[in-house]
Each structure stands twice: as structure tokens, then as C-alpha cells.
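Side chains included, hydrogens not; waters and symmetry mates left out as well; all remaining heavy atoms used. By convention in this document, chain letters (A, B, ...) are assigned in the order of the sequence lines, proteins followed by strands, and residues within each chain are numbered from 1.
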Amino acid sequence: MSATDNKVRVRIAPSPTGDPHVGTAYIALFNYAFAKKYGGDFILRIEDTDQVRAKSSSEALILESLRWLGLEWDEGPDKGGPYGPYRQSERTAIYREHAEILLKKGHAYRCFCSNDRLTELRRQQRLQGLPTGYDRFCRSLGEGEVQARMAAGEGHVIRLMMPTEGVTKFVDEARGELEFENHRLDDQVLLKSDGFPTYHLANVVDDRLMRITHVIRAEEWISSTPKHVILYQAFGWPQPKWCHMPLLRNADRSKISKRKNPVSLSYYRRAGILPEALINFLGLMGWSFGNDVEVFTVKQMMEKFEFAGINLGGPVFDLVKLTWMNQTYMHKMDDSRFVSYLRDEIFSPSYLKALKPLVLERMSRFEQFVDHNGFFFSGALDYKNLEIIPKGKTPEELSLMLGQLVELLDELYDWHAPQIQALIEKHKDEIKWKPKDYFLTLRMIATGRKDSPPLFDTLAVLGREMVRFRIRDYVNHLASVTPLS
RNA sequence: GUCCCCAUCGUCUAGCCCGGUCCAGGACACCACCCUUUCACGGUGGAUACGGGGGUUCAAAUCCCCCUGGGGACGCCA
């Protein structure tokens, strides 16, 4: 084995299905710190195998966000490297080839079961209190039948043939040895009927082909790891080392989610959180520097990082402490950084340009700009002096309506004024609110004032995360001033 | 429901592996006081935690078991 074979190689493998996620940055940070501690490589791989949900705009945002945080990768889709391509959608031939290998080796089989059958199967299993999972119906299909159905062009998937007895063990670097009974493992789909691989296949194949030595990922993957271990065994490959980081949590301790927390890195950037403050704060999640030191750089972190130092309790992502962290970094800024930050991030040319059509005709002197448009640059607003609850509506009704709205906004694919307008008009009609009640209320919540530029354009410019944040913030405010009975 | 992971102040955590130095340390938030024309920063002090029950031991936050609680996974999503 040559020296390069021993080189530490880790990866971050985000799926480009939406805004760049704070959890991605969190896992990226620990991968980065670990790799750099040992002079290893940090690889960025885009896992865009979900044809339905992958968005090309999302990938660019992920790259931009990780760069903003200073987590620069050594190999990735934009800069290439010796093990490319680094975008899974460009590697489908590789996955098909590997699925064929497993088929030949007798570790996989073709399955023709329909989605309807699978759904019904799961329903029955749950009804009877049985563990859900594929019943391995197609395992027993004869070769002749398989060939015939394939020749007839019948759609099918390729499943992994799990061992039915014994146990699968692996060492989690943060937890020690973990053990799973094989007969409980599902015959995982490896290749979907659209010819694309599932996460399990693509991930294992790529990690091997890209010579990944340590898989550092979130805790939610623990229960899939035995399947991955078995895949490595089926291919006859050596395993990487595994380490699962605790999951970031909402205040109620559930897995961090956009419904309960801002999770978009774009949001934190817009909110004026400094990248080094966010990174430092993330470094405090599940890990500590030691000696009661809380303020440190990535460089300092990577000197000290060890798997054994990981605290397994799921850390609550606390905006208040993040804000404190940001303050300590802000106060240390020099003059030029202060000026350039405001100019490039807060009053950036692109943002000002987006604002121009909304604000210009309402101004007669430039001095009015700041006073009229503060809400375009701030976060939480002050609702104390506004009468937001429409006449004839109860706080409960308003709260319910806003809850529905947040859900709807979340599902909106295109965040542009016409789409936002269509969605909101529809909701308004469905719940039979008067336009004035609905729009004025929303305007006040989004802007903190009764007068502002056109509502939908304003929401579009503010961004999904900010709008959602303000609605949520207002609902909290509402609950605090009117104790719900 | 089934399997798996986890468990120290409200929150982030130190201590736990190698039991005594811990009537548990630091930080955020909170309260009080000081500084101060205001606010903020800063300083000082305060309140607040080993989930419960059994063991083991001279001794347990630290080791073992049970319970409870929390979380995750169970998709042709990742």
C-alpha cells in the first residue's frame, strides 16, 4: 500500500433539493477539521440522484455557502479532481455497472413489485404491529420469469439480497461497537426503475471509488450503516471508518427543521451572521475545545479535534447564543472589514438593485431611504404598536391562518412575486378572508408597518426564510400577549 | 408498532474511559450591583443541573442493571 492510500479522505455529500442547510455546514465543518488535522483531502460530492426533487439552482447555492464559510474543498464538481465526476447524476453508468456486478455475484435481484403493492404491504404490516419492510416476494422469481418480464419491458428495480441470519457489526468512532441483526434488515432498493441509483448504492460506490477513508455524517444514518457495511462486503471492499455526529435540534429537541428554525445558510448570511461566528458556534455543537475555551478558529479546532471528544447528546441550536458569538466577532472587526461587510453583505449592489423598483417611486429625497425601508435590512420586528389582529377575528383564528400560510409558503417551488401572489390569493379565498384583512395583516407582519411597497414584491425580495421567520416570530409574540385559553 | 442511539444548570458544555481532588467548573440567557449624561460594551456577584430506582464499592456524576424520558430510522428521499 502506498503512502497515498493512507491519506485521510473525507467528503460532504449534500443533496441539492433546496436552500443550503445549516446541518450540511455542521457536518462539513467536522469533516473538514478532521481531514485538515491529518493533512487529508476534503471532497465535495453532489448527490443529485432524486430526479424529482433535485434543483440545479440549489447546487450553486450550496457551493457558494460552503465557500462563504471558508470550508473550501480539494475536489468537487466545480474544480474536478482525480476521482470525478463529482456529481452523481453524471455517474449513472458506474452505478448500473456495479448493480450488475452484485446481480452476477448473487447479492442482488430484480424486483417487479409495484408501488401500490409496496404501499399496501407496509400498511398491512403497520396494522398488524409488524416491522415494516419488503417481504422479499421477488427473491424467489425464477430466472426464466425474470428474463421474460424484462423482455416484455416491465419496469423493475434492483434490490440488495440481505443475509437472513447472523449479525452485522461495525465500530462507530464516537460510540463504539454497534450491532444489528441481519434478519431485520430490509432488501434495500439499489437501482430505481428510472435507472438512477438510490442513496445507498451511489453513496457506497462513490465512497469506495473516491477512496474515502472516514465517513463522518449525521446520526440519522446509523440505522442504514449495517446495510452499507453489507454492501461493502458484497463488493469485497474494505470498509471506511464510521463516525456519526449527533443531530442538531430544534428547541423542542426534535431534529432541526425549517418549520421550527431558520435552517438556510443564506438566511444567516442575510441576517448578518459572520461566517467565522457561525462556524465557531457550530463547532460548539457536540464538541468542545477544552479548558473552557469557547471562541476559536477552524484552524485551532482542527488541531484539537478527536472523535473521542464528541458529546453524543443532541445539541439544541440556540439562536441567542449564536447571536452572542457573532457579537464577540463583530466587536473585534477592524475598520476596513466593518466597511466592506456592510457594503458587500448588507447594502450589497444586488440587493439595492432588487429594491430600487419597489422603493424609488415612494421617495422624494434619498434621506428617506433608511427610515422607510428599515425592514428590508432588519430581522425581528417590533409589533407592539400595531393593531394586527383584524376586527372580527380572534387571535386563535389568526394564529391558525398564519400556521397554514407558513406551510404553504414552504411548499412553494418558485419564490417569485407572481407565484407568491397566486398562492396567497388562493389561501385567502379558501379560508374566506376579506382581502383587506388578509393583506394588511400580512403586510404588517412582514414589514412591521402599515405602509410599504407592493406586498408580493416585498415578500419576494425579503426571501422565503425571512418571511417565514417573521411570521413565526409574530405567532410567538401573539401567544405571549394573548395567553391562549 | 419494530429496531437503534442518547441522557450533567432553561440552553451549549467540562468532568465520565482510568471511582475519592465535584456539597459538580465554564459559557449563553436571566437577576442584582459597579462603571456610565442614555443605551450598549465591560466588571463583580447571584440563582439554576448529575432524570428515577436498584446494585458494586470504604467511596459513584463517574462502573453495572432496570425504569423513565428524549431522539432517530423503518421510502423506487437523501
### Task
Would you indicate whether A:D252, at its atom CG, is surrounded by more than 12 heavy atoms from other residues, nucleotides or ligands within a distance under 6.0 Å?
yes
### Query
For atom NZ of A:K241, is the number of surrounding heavy atoms from other residues, nucleotides or ligands below 6.0 Å larger than 12?
no
Sugar-phosphate, base or nothing in reach of [X], heavy atoms under 4.0 Å:
{"X": "A:S193", "answer": "base"}
{"X": "A:M285", "answer": "sugar-phosphate"}
{"X": "A:R53", "answer": "base"}
{"X": "A:V157", "answer": "base"}
{"X": "A:R184", "answer": "sugar-phosphate"}
{"X": "A:T323", "answer": "nothing"}
{"X": "A:E294", "answer": "base"}
{"X": "A:S288", "answer": "sugar-phosphate"}
{"X": "A:C113", "answer": "base"}
{"X": "A:D318", "answer": "sugar-phosphate"}

Measure [atom1]/[X] against [atom2]/[N] and give the value in whole Å, please.
{"X": "A:W324", "N": "B:A40", "atom1": "CH2", "atom2": "P", "answer": "19 Å"}
{"X": "A:L312", "N": "B:C12", "atom1": "CG", "atom2": "P", "answer": "14 Å"}
{"X": "A:K321", "N": "B:C28", "atom1": "NZ", "atom2": "P", "answer": "7 Å"}
{"X": "A:R126", "N": "B:C74", "atom1": "CZ", "atom2": "P", "answer": "10 Å"}
{"X": "A:I62", "N": "B:A78", "atom1": "CD1", "atom2": "P", "answer": "14 Å"}
{"X": "A:N291", "N": "B:C12", "atom1": "CG", "atom2": "P", "answer": "21 Å"}

Residue [X], side-chain heavy atoms: nucleotide from [options] that is nearest:
{"X": "A:S223", "options": "B:A73, B:C76, B:A27", "value": "B:A73"}
{"X": "A:F180", "options": "B:C12, B:A78, B:C4", "value": "B:C4"}
{"X": "A:D50", "options": "B:G25, B:C77, B:U11", "value": "B:C77"}
{"X": "A:P315", "options": "B:C5, B:C41, B:C12", "value": "B:C12"}
{"X": "A:K192", "options": "B:G70, B:C5, B:A78", "value": "B:A78"}
{"X": "A:L284", "options": "B:C3, B:A14, B:C12", "value": "B:C12"}
{"X": "A:V320", "options": "B:A78, B:A29, B:C76", "value": "B:A29"}
{"X": "A:R253", "options": "B:C5, B:G70, B:U13", "value": "B:G70"}

### Query
With both distances kept under 3.5 Å, what pairs with B:C3, Watson-Crick or G-U wobble?
B:G72
#### Entry: Watson-Crick or G-U wobble mate for B:C77, both contacts under 3.5 Å
none
### Task
Fit a plane to each ring of A:W287 and A:F30, take the angle between them on a 0 to 90° scale, and name the class: parallel (under 30°), tilted (30 to 60°) or perpendicular (over 60°).
perpendicular
### Query
Distance check: side-chain N/O of A:N311 vs OP1/OP2 of B:A14, anything under 4.0 Å?
yes
### Query
Just to confirm, is there a sub-4.0 Å distance from OP1 or OP2 of B:G75 to any side-chain nitrogen or oxygen of A:R122?
yes
Which whole number of Å gives the distance between the [atom1] atom of [N] and that of [M]?
{"N": "B:A49", "M": "B:C28", "atom1": "C1'", "value": "15 Å"}
{"N": "B:C66", "M": "B:C74", "atom1": "P", "value": "27 Å"}
{"N": "B:U62", "M": "B:G55", "atom1": "P", "value": "15 Å"}

### Query
Side chains of A:S257 and A:N250: donor-acceptor distance under 3.5 Å anywhere?
yes
